[in-house]
Amino acid sequence: MNDATIAALDRLDALRGALDGVALPLAIGGADAARDARRAAVRQIDDYIQPRLSNLDAPLLAVVGGSTGAGKSTLVNALIGIPVTRTGVIRPTTRQPILLHSPVDAAWFASTRILPGLARVTGVVREAPSNEAGEEPDAAQIGSVVLVADARVPQDLAILDAPDVDSIADENRELAAQLLAAADLWLFATTANRYADAVPWRLLDDAAARDITVGVVLNRVPPGAEAEVEADLRQMLARRGLGTAPVFVVAESPLDGRGMLPAPAVAGIRAWLTGIAGDRAERARIAGRTLAGTVERLGVTARAVADARDEQLVTAKDLRATIAAIHDDAAERVDDATRDGVLLRGEVLARWQDFVGTSDVFRTVESWFSRARDRVTAWFQGRPAPAIEVEHEIESGLHAVMVDEAGRAAAEAWARVRQSAVGRQLTSGADLAQPSPELPERASRLVREWQQGLIELITEQAAGKRTRARVMSLGLNVITVALMVVVFASTGGLTGGEIAIAGGSAVVGQKLLETIFGEGAVRRLAAQARDDLEARVHALMAAEAARWDALLAPVESGADGDALRDAAAELEAAMAAVGRPQEPSRSLLPSDVVEAEALDDEAESPIEGESEDVRELGPGTGALPAVGAGDGAVAAGSTGEQGDDHEQGPGR
């Protein structure tokens, strides 16, 4: 393995990690498709891209896929020459995919080099007709693949019989898609009356997008209609970018007693496959072409997932902004309540007036200061302490405003988010319509801590001896209350006589503070006190908004869209350094039959691995197709199909 390949593998691992870490939980437009695409992309990296990039010389995997009734299993049996996979009229017959390989290549497929998520079961051939061959249909075994080693399978190319792509069983359809995504080339089977169905063409469109090599089998064609049906199918293939895909026409005819097609019916298909298997350069070209096309398609998928991821993040950001704005508004309403005099209504005004005396509010500061000092002295002598009562009333009012506004914000945010289907999905099972139970205690703590901050501000301001003496003569409590009154006293929210009382009260408090600290210092103290309170209130509301983190964080976690795009671009650049095999001068035709060759002695050794569960699959006798035998590009013959994919017709 060269340095360029190692670098590409590192970039592939980075893209896989980014895809695997992308969160797409919100049910917004296209999210379901993006989740499916992401999951399929990660699985394809594990199943195909990583193992193929690690070893371009490993045997090719040809997956036989198609719709119900296409005769896939009967075709596979005919290609091998014996019944190895079950056919029949009960749907679905193929539950476990069967992988047929040369004994020489056993280690490549017994290990988890490819399809690591599927368990391995080793099958053996037993004597049985095609309707009894292979495994009994068992839904419980859908997560395993049966490995059958047989010398009739050409070396360096394995054949895998996949479930129906349009199976009635969801797990079968999913497994079929997974197996086709892990293929180096497809042998896609359809019938004369179903080749225009939508499901097969969706898969063929994907094949064209991946630039994968595809051989199309037009099965069960009524005699005499071959040319007309084939021409129409080729036109459809050309319109979908698959004009160079070989088409094998298999005419309808009876099966033999074992449910087998005549060997000539699939001679052209066999020749095409053995020709690929026997030509090392052609194998390398197909492997490189499919790998390059798959990585290119992976980049397209990664960018589509990135767009979906961006939409998720934008939605989460919008929801978060809505919630934050609502709680910011609540904090602003609390701020307004501390500015417009609302907190000095009623009982607070009465207590403050009792403290300063209504008849003395406009007296000289010196006289007021003397009287205030007498009242503080009375407090020390055990008489009522109206300053403390004022403080308690202010605390109670501030606490009530914060709790009320937080409750209003919680209800509004809940209602706004749940207006949309995405919001209802996000909030399913949650209840954030009420503020947090801890809010009252946190609001009380906020008031206490803010008041403590005021005391610290006053203490810092009272640095001089004279100022400190004045503060001590009145007491920190009195000065703190006066500062709170100055902060809260405005006339915006008051009416009638309250305006004069509150305004006068603020003047008295401010004059008292100016006498102690000076006019400039009081302005700074009031501004600092208000800024501190606003910051604390905004933090309280932000904490309430942060309760939504538990719902939004899972949406926002993981890689963003740009990380995916960058990882995809880096992988594409690394793959360009690895290079892409040159196309041959012409496409390989089924008639280009070359003898199969053994693994190069100097090639990388297969990964060790072995299966333990051994089961019989089909008869041990029968005509063996010779490697390299075959005829023209279009094989005549019959399916008379009693295969796994359609009902048994009369005389079959």
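One is the number of the first residue; the rest follow in order along the sequence.
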Hey, does [Y] have a side-chain heavy atom less than 4.5 Å from the side chain of [X]?
| X | Y | result |
| --- | --- | --- |
| Ile326 | Arg416 | yes |
| Leu533 | Asp335 | no |
| Arg297 | Gln44 | no |
| Asp206 | Ile212 | no |
| Leu552 | Ile323 | yes |
| Thr338 | Val537 | no |
| Arg303 | Leu564 | no |
| Val295 | Leu53 | no |

Nearest-0.5 Å distance, [atom1] of residue [X] to [atom2] of residue [Y]:
| X | Y | atom1 | atom2 | result |
| --- | --- | --- | --- | --- |
| Thr68 | Asp166 | OG1 | CG | 4.0 Å |
| Asp328 | Arg333 | CG | CZ | 10.5 Å |
| Asp560 | Gln312 | CG | CD | 13.0 Å |
| Leu439 | Ser444 | CG | OG | 9.0 Å |
| Asp47 | Leu179 | CG | CG | 8.0 Å |
| Leu26 | Leu319 | CG | CG | 7.5 Å |

Nearest non-hydrogen partners of [X] and [Y], listed with the distance:
| X | Y | result |
| --- | --- | --- |
| Met402 | Ala443 | CE-O, 3.7 Å |
| Ala8 | Leu571 | O-CD1, 3.6 Å |
| Ala27 | Val422 | O-CG2, 3.9 Å |
| Ala302 | Leu15 | CB-CD1, 4.1 Å |
| Ser144 | Pro97 | O-CD, 3.2 Å |
| Leu525 | Phe517 | CD1-CD1, 3.9 Å |

Would you mind checking if [Y] and [X] are paired as a salt bridge, meaning a charged N to carboxylate O distance below 4.0 Å?
| X | Y | result |
| --- | --- | --- |
| Asp549 | Arg320 | yes |
| Arg43 | Glu174 | yes |
| Asp205 | Arg202 | no |
| Asp36 | Arg39 | yes |
| Glu572 | Arg565 | no |
| Arg442 | Glu544 | yes |
| Arg536 | Asp532 | yes |

Spell out, as yes or no, whether a donor-acceptor pair under 3.5 Å connects the side chain of [X] to the backbone of [Y].
| X | Y | answer |
| --- | --- | --- |
| Gln425 | Ile28 | no |
| Arg11 | Ala567 | no |
| Arg35 | Leu24 | yes |
| Arg424 | Gln419 | yes |
| Arg309 | Ala559 | yes |
| Trp450 | Arg530 | no |
| Arg38 | Val22 | yes |

- Side-chain H-bond candidate by donor/acceptor type, Thr315 with Glu311, under 3.5 Å: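 The answer is no; no qualifying pair exists.
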
- Test item: side-chain donor near acceptor, Arg210 and Thr294, under 3.5 Å: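 The criterion, which ignores hydrogens and geometry beyond distance, is satisfied for Thr294 and Arg210.
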
- Task: List the steps, then state whether side-chain contact (heavy atoms from CB on, under 4.5 Å) holds for Thr427 with Trp548.
- Result: CA-CA 9 Å; Thr427 55; Trp548 288 84; 3.6 Å; yes

- Evaluate the side-chain contact (heavy atoms from CB on, under 4.5 Å) criterion for residues Leu12 and Ile45: first the C-alpha distance (whole Å), next the side-chain angles of each, then the deciding distance (0.1 Å), finally the verdict. CA-CA 8 Å; Leu12 178 65; Ile45 290 172; 3.9 Å; yes

- Query: Please walk me through it: do Gln451 and Glu395 pass side-chain contact (heavy atoms from CB on, under 4.5 Å)?
  - Reply: CA-CA 9 Å; Gln451 289 173 327; Glu395 289 175 6; 2.8 Å; yes

- Item | Heavy atoms from other residues, nucleotides or ligands near CD of Gln434 exceed 12 (cutoff 6.0 Å) |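 Counting other residues, nucleotides and ligands, CD of Gln434 stays at 12 neighbours or fewer.
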
- Residue pair Glu296, Met575: steps toward the side-chain contact (heavy atoms from CB on, under 4.5 Å) verdict: CA-CA 9 Å; Glu296 183 177 343; Met575 286 297 297; over 6 Å; no

